[in-house]
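Everything below concerns the one structure shown next.
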Protein chains: 2
Amino acid sequence: MSDSVQRPASPPPRPKARATIADVAQAAQVSKASVSRYLNGRTDILAPDMAERVQQAIAQLNYRPSPMAQALKHGRTRLIGLAVADVTNPFSVAVLQGAEKACQAAGYLLVLFNLGNEAGRERDAMHALSAYQLDGMILNRVETSAQLWHDAQLHGKPIVLVDRFMEGMDADFVTVDNPGVIQLALDHLQAQGFDEVLLVTEPIAGVSSRTARQQAFLRYLSRSKVLQGSVWESAAHNGPQLQQQLAQWRQAAVQAGRRPAVLAGNGVASLRAASAIHALGWVPGQELGVIGIDETDWAPLVGPGLTTVAQPTDALGQAAAQCLIERIQGKHSPARKIELPGTIIVRGSTASPKR
Amino acid sequence: MSDSVQRPASPPPRPKARATIADVAQAAQVSKASVSRYLNGRTDILAPDMAERVQQAIAQLNYRPSPMAQALKHGRTRLIGLAVADVTNPFSVAVLQGAEKACQAAGYLLVLFNLGNEAGRERDAMHALSAYQLDGMILNRVETSAQLWHDAQLHGKPIVLVDRFMEGMDADFVTVDNPGVIQLALDHLQAQGFDEVLLVTEPIAGVSSRTARQQAFLRYLSRSKVLQGSVWESAAHNGPQLQQQLAQWRQAAVQAGRRPAVLAGNGVASLRAASAIHALGWVPGQELGVIGIDETDWAPLVGPGLTTVAQPTDALGQAAAQCLIERIQGKHSPARKIELPGTIIVRGSTASPKR
DNA sequence: TTGTACGCGTTATCAC
DNA sequence: GTGATAACGCGTACAA
C-alpha cells in the first residue's frame with residue numbers, strides 16, 4: 001500500500017497547481033504588487049519593460065487571477081444567482097438564456113438555482129447568496145409571503161424580481177406587460193368572432209403574474225359589450241377534472257348560441273388545456289378556439305397550430321440581468337418596474353368559428 | 001446633488017456585513033481556533049462549557065463559515081459545474097434535475113454553464129472550472145476533437161462525460177444504452193408490421209451519441225431479414241429539405257409495397273420530423289409510422305400521440321453527479337462507462353399499418 | 001516608479 | 001485542552 005502514503009508537505013494532492021501571482025512575479029523578476037498593477041491596467045505607472053516581462057510571464061504560465069481570492073479581498077465574486085421556480089418550464093430556460101447573455105457580456109458568471117417549486121429551497125438559495133458572496137440574485141419564484149426573508153439576511157446584496165412580484169419588497173421588477181398580453185389575446189379572439197372565453201390558469205395562489213392576468217381578463221370583460229367569460233384554475237394533476245369542466249362549459253356556451261374559446265394563462269396551462277382537448281377528441285380551432293400565453297416548441301404542431309402570445313423572454317432575462325448589474329455597480333434609485341410587450345403569433349386554432 | 005457624495009471611508013457601501021469567525025470568537029470569549037474546532041466537530045477535544053458558549057454565539061450572530069475563505073485555504077469549493085450543449089434541449093434540463101438532486105444530497109452546489117452550441121464557450125467553461133476552483137465538472141457537450149483542451153488545463157480536477165463521449169479522454173462516461181434504445185425502437189416497429197425505416201438524426205458531425213445510434217441502426221438492419229432502412233441527417237434550419245426528402249422517400253417505399261416508418265434520433269430530431277410531417281399534411285400513424293427517441297411534453301398531443309423511447313434522464317444526471325463526487329473524494333480507479341436502459345412508451349403513431 | 005507589509009476569513013501547526 | 005500564528009492568493013496603503 002505504498003501509494004497510500006500521505007506526504008504532509010506542501011503540494012501533495014494536486015499534481016499541477018494553478019499559477020499564482022507570486023509565480024508570475026518570480027518569473028518576471030518583479031514584485032507581486034507590480035503584477036497586480038499590470039493586471040488592473042495601471043500600466044501608466046509601470047515601466048514599459050516591466051510590463052513586457054510581466055505580460056510574457058503571464059502568457060507563459062497561463063496565469064489567471066483567482067476570483068475566489070479576489071472575492072475574499074473585496075467582497076465581490078462576479079457571480080450572479082438566478083433562482084427559478086422550475087427549470088422544467090421552458091419560460092424559465094428562455095429567461096435564463098437572456099440573462100446569461102447580459103451576464104457574459106458584463107463579465108459575470110450566472111449560477112442557476114432550481115427551486116423545484118419547493119419553498120424550503122428558496123431559503124437555501126438565499127443562504128447561498130450570502131455564503132458564496134454572490135454579487136446579486138435574480139429571483140423568479142418567491143414564497144408569496146414577503147416577510148419570510150428580511151432584507152437583513154441579504155447583507156445589502158441587490159435582488160431583481162422577474163415575472164413574479166412581491167408586495168412590500170422594494171426591489172426592481174421585470175415583467176411582461178400582462179394587461180397588454182391579455183388585451184392582445186382578447187382583441188384577437190373578439191376580432192375572430194369568439195364571444196365566450198374561458199381563462200384556464202394554474203392555481204392563482206397569490207402568484208402575482210397569475211393574479212395580474214386574471215384581473216386584466218376580468219377588467220377587459222367588464223368593459224366589453226360582446227365578450228363574456230369565466231376563469232378555471234387547473235391544478236397539477238387533475239387533468240380529468242379540467243376535461244370534464246371543458247366539456248360542460250362548451251356545451252352550455254354552444255347551447256346559448258355562443259362561440260367558445262379557451263385562453264391558457266401560460267405555457268403549463270396551455271399544455272394542460274391542449275391535453276384535455278386532445279383527450280376529448282376535439283381539434284383546436286374546430287370545436288372551440290384556443291389561444292395560449294407563452295410560445296412553445298410544440299405550438300405549431302397540435303391540430304392546425306396553436307395561436308400564442310409570446311413573451312419577450314430573452315429581453316426579460318437581459319433586462320433583469322442588466323438591472324441587477326447596475327445595482328451591483330452602485331446605482332441608487334428607487335425601485336423600478338420594467339414592463340415589456342408581448343407578441344401575438346396567429347395560427348389555426350383561432351380560425352373564425354362557423355356560425 | 002448631495003446624495004451623490006461618495007464617502008471613501010471603510011464601510012460605506014455594505015451596511016450589514018456577514019459575521020466572521022472572529023466575531024464569534026470574541027462574542028464567546030474564546031479563540032478563533034476553538035470556534036473552528038467546534039465547527040469541524042472536534043467537540044471531543046473541547047470543554048463542554050466552551051462548546052456551549054460558541055454554540056450560542058453562532059446562533060446569535062447567525063454565523064455561517066464562508067465557503068470562499070475555505071476554498072482559499074484548501075482548494076475545494078463544494079461547487080460542481082454542469083456544462084450542457086444547449087439548455088433549450090429538454091434532455092439537458094432533465095439531466096440537470098437529476099444531477100442537482102445528487103449534488104444537493106452530498107452538499108454540493110451545482111453551477112450551470114450553457115454552451116449554446118458554441119465551441120468557444122466550452123473553453124470559457126473550462127477556464128471557469130479552474131478559475132473558480134470548481135471541484136469538478138459534468139460535461140455534456142464537447143468539441144469533437146479531444147486534443148483541444150489538454151488535461152493539464154484541468155489542474156487535476158475530475159471530469160465526467162454525459163451522453164457524448166470523446167475518444168482519448170480517460171474520464172468516466174454516463175450514457176443511455178444506445179444500442180438497446182435502437183433495438184427497443186426497431187423491435188417495436190418490426191412487431192407492428194413496418195419494414196422500411198428512415199432514421200432522422202441531427203447532423204452526425206462526430207457527436208458520439210449520434211454515431212452510436214446510427215451504427216446500432218445500421219447493424220440492426222444488416223441482421224434483420226425484413227427491415228430495410230436509410231439515414232437522413234437533418235440540419236438546423238432546412239425544414240423544407242427534410243419535408244421534401246420525406247415525401248420522396250415515402251412515395252418510393254409505398255410504390256415498392258413497403259410500410260414506412262420514421263425513427264427520430266432524439267428530441268430535436270423528433271420536433272423537426274413532426275414539423276415536416278405536419279407541414280405535409282400527414283398524420284403520424286396514418287400515412288407512416290413515427291417513433292422518437294426522447295420523451296417530450298408534447299409527444300402525447302401530436303396526432304394520435306407519438307410513440308417514444310424515453311431516456312432515464314434523471315438517473316443519468318444522478319449517476320453522473322455521484323460518479324464525479326466519488327472522484328472528487330479521491331476515488332482512484334480506471335475510467336468507467338455507465339450505461340442505463342431506455343423505456344419505450346407506445347402511442348398511436350406506431351399503430352399497425354393497413355396492408 | 002517599485003517593493004514591503006498587511007489584511008480579507010479559514011484552517012492547521014505549533015507552543016502553552 | 002487551548003490560544004497565538006502562519007499560511008492560502010490577492011489588492012493596496014505606505015514606504016522607499
Side-chain angles (χ1 to χ4, degrees), chain A residues 6-14 17-54 57-58 61-78 130-133 155, chain B residues 8-11 13-14 17-54 57-58 61 63-78 130-133 155:
Chain A
Q6 298 275 348
R7 283 160 297 161
S10 30
R14 251 160 303 134
R18 281 169 49 87
T20 78
I21 199 173
D23 299 332
V24 177
Q26 186 177 358
Q29 302 280 20
V30 299
S31 74
K32 295 191 297 179
S34 298
V35 180
S36 179
R37 281 191 271 262
Y38 173 83
L39 291 170
N40 294 16
R42 319 288 313 157
T43 57
D44 50 328
I45 325 182
L46 257 185
D49 60 322
M50 286 192 85
E52 178 65 25
R53 295 212 305 277
V54 172
I58 287 179
L61 295 169
N62 191 27
Y63 164 79
R64 314 253 166 217
S66 153
M68 315 297 273
Q70 294 183 152
L72 195 58
K73 188 63 184 151
H74 43 251
R76 311 183 262 99
T77 48
R78 302 198 79 75
S130 87
Y132 281 93
Q133 307 233 71
H155 303 288
Chain B
S10 31
R14 253 161 299 135
R18 282 167 52 87
T20 77
I21 200 173
D23 299 331
V24 176
Q26 187 177 358
Q29 304 278 20
V30 299
S31 74
K32 294 190 299 178
S34 296
V35 180
S36 180
R37 281 191 271 263
Y38 172 84
L39 290 168
N40 294 14
R42 319 289 313 158
T43 59
D44 50 327
I45 326 181
L46 254 185
D49 62 322
M50 287 192 83
E52 179 63 24
R53 295 211 304 277
V54 172
I58 287 178
L61 295 169
Y63 165 78
R64 314 253 167 216
S66 153
M68 315 298 272
Q70 295 184 147
L72 189 59
K73 193 55 187 155
H74 46 246
R76 313 183 259 99
T77 48
R78 302 198 77 77
S130 85
Y132 281 93
Q133 307 235 67
H155 302 288

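Here the structure is a predicted model, which is why all the values come from computation and not from measurement. Here is the naming used below: chain letters follow the sequence lines, and residue numbers restart at 1 for every chain.
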To the side chain of B:Ala69, which of C:dT10, C:dT2, D:dG3 is closest?
-> C:dT10
Side-chain N or O of A:Ser31 less than 4.0 angstrom from OP1 or OP2 on C:dT2?
-> no
Pairwise C1' distance for D:dA16 and D:dT12, with rounding to whole Å = 16 Å
Nearest of D:dG9, C:dG3, C:dA12 to any side-chain atom of A:Leu72?
-> D:dG9
Determine: side-chain N/O of B:Ser34 to OP1/OP2 of D:dG3, distance under 4.0 Å, yes or no.
-> yes
Just how far, in rounded Å, is C1' of C:dT11 from CE of B:Met68?
-> 17 Å
Could you tell me whether B:Arg42 contacts a base, only the sugar-phosphate backbone, or nothing, with contacts defined as non-hydrogen atoms closer than 4.0 Å?
-> nothing
B:Ser66 side-chain proximity, nearest of D:dT2, C:dT2, C:dG9 = C:dG9
Testing C:dG3, D:dG9, D:dG3 for proximity to the side chain of A:Arg37, the answer is C:dG3
Donor-acceptor pair present, B:Lys32 side chain and D:dG3 base, under 3.5 Å | no
Pairwise side-chain contact, A:Thr77 with A:Gln133, heavy-atom cut-off 4.5 Å (strictly under) = yes
In dot-bracket notation, what is the pairing pattern of DNA chain D, taking Watson-Crick (N1-N3 plus N6-O4 or O6-N4) and G-U wobble (N1-O2 and O6-N3) contacts under 3.5 Å, with [ ] crossing and | for other strands?
-> ||||||||||||||.|
Pairwise side-chain contact, B:Gln29 with B:Met50, heavy-atom cut-off 4.5 Å (strictly under) | no
Any side-chain heavy atom of B:Val24 sitting closer than 4.5 Å to one from B:Tyr38?
-> no
Length of the CZ-P vector between B:Arg78 and C:dT11, whole Å = 12 Å
Side chain of B:Val30: nearest nucleotide among D:dG3, C:dT10, C:dT2?
-> D:dG3
State whether B:Gln70 places a side-chain N or O below 4.0 Å from either non-bridging phosphate oxygen (OP1 or OP2) of C:dT11.
-> yes
Among the nucleotides C:dT11, D:dT2, C:dG9, which one has an atom lying closest to any side-chain atom of B:Leu46?
-> D:dT2
B:Arg78 versus A:Tyr132: any side-chain heavy-atom pair under 4.5 Å?
-> yes
Atom-to-atom span, CD1 of B:Ile21 to C1' of D:dA4 - whole angstrom = 14 Å
Rounded to the Å, how far apart are B:Tyr38 OH and C:dT10 P?
-> 15 Å
Looking at B:Tyr63, does any N or O in its side chain come under 4.0 Å of the phosphate oxygens OP1/OP2 on C:dT10?
-> yes
Just call it for A:Thr20: base, sugar-phosphate, or nothing, with non-hydrogen atoms closer than 4.0 Å on any strand.
-> sugar-phosphate
Of the nucleotides C:dT10, C:dA12, D:dC10, which one has an atom closest to the side chain of B:Asn40?
-> C:dA12
Is a donor-acceptor contact shorter than 3.5 angstrom present between the side chain of B:Lys73 and the base of C:dA12?
-> no
Among D:dT2, C:dT10, C:dG3, find the nucleotide with the atom closest to the side chain of B:Ala47.
-> D:dT2
Check every atom of D:dG9, C:dT11, D:dT2 against the side chain of B:Leu39 and return the nucleotide holding the closest atom.
-> C:dT11
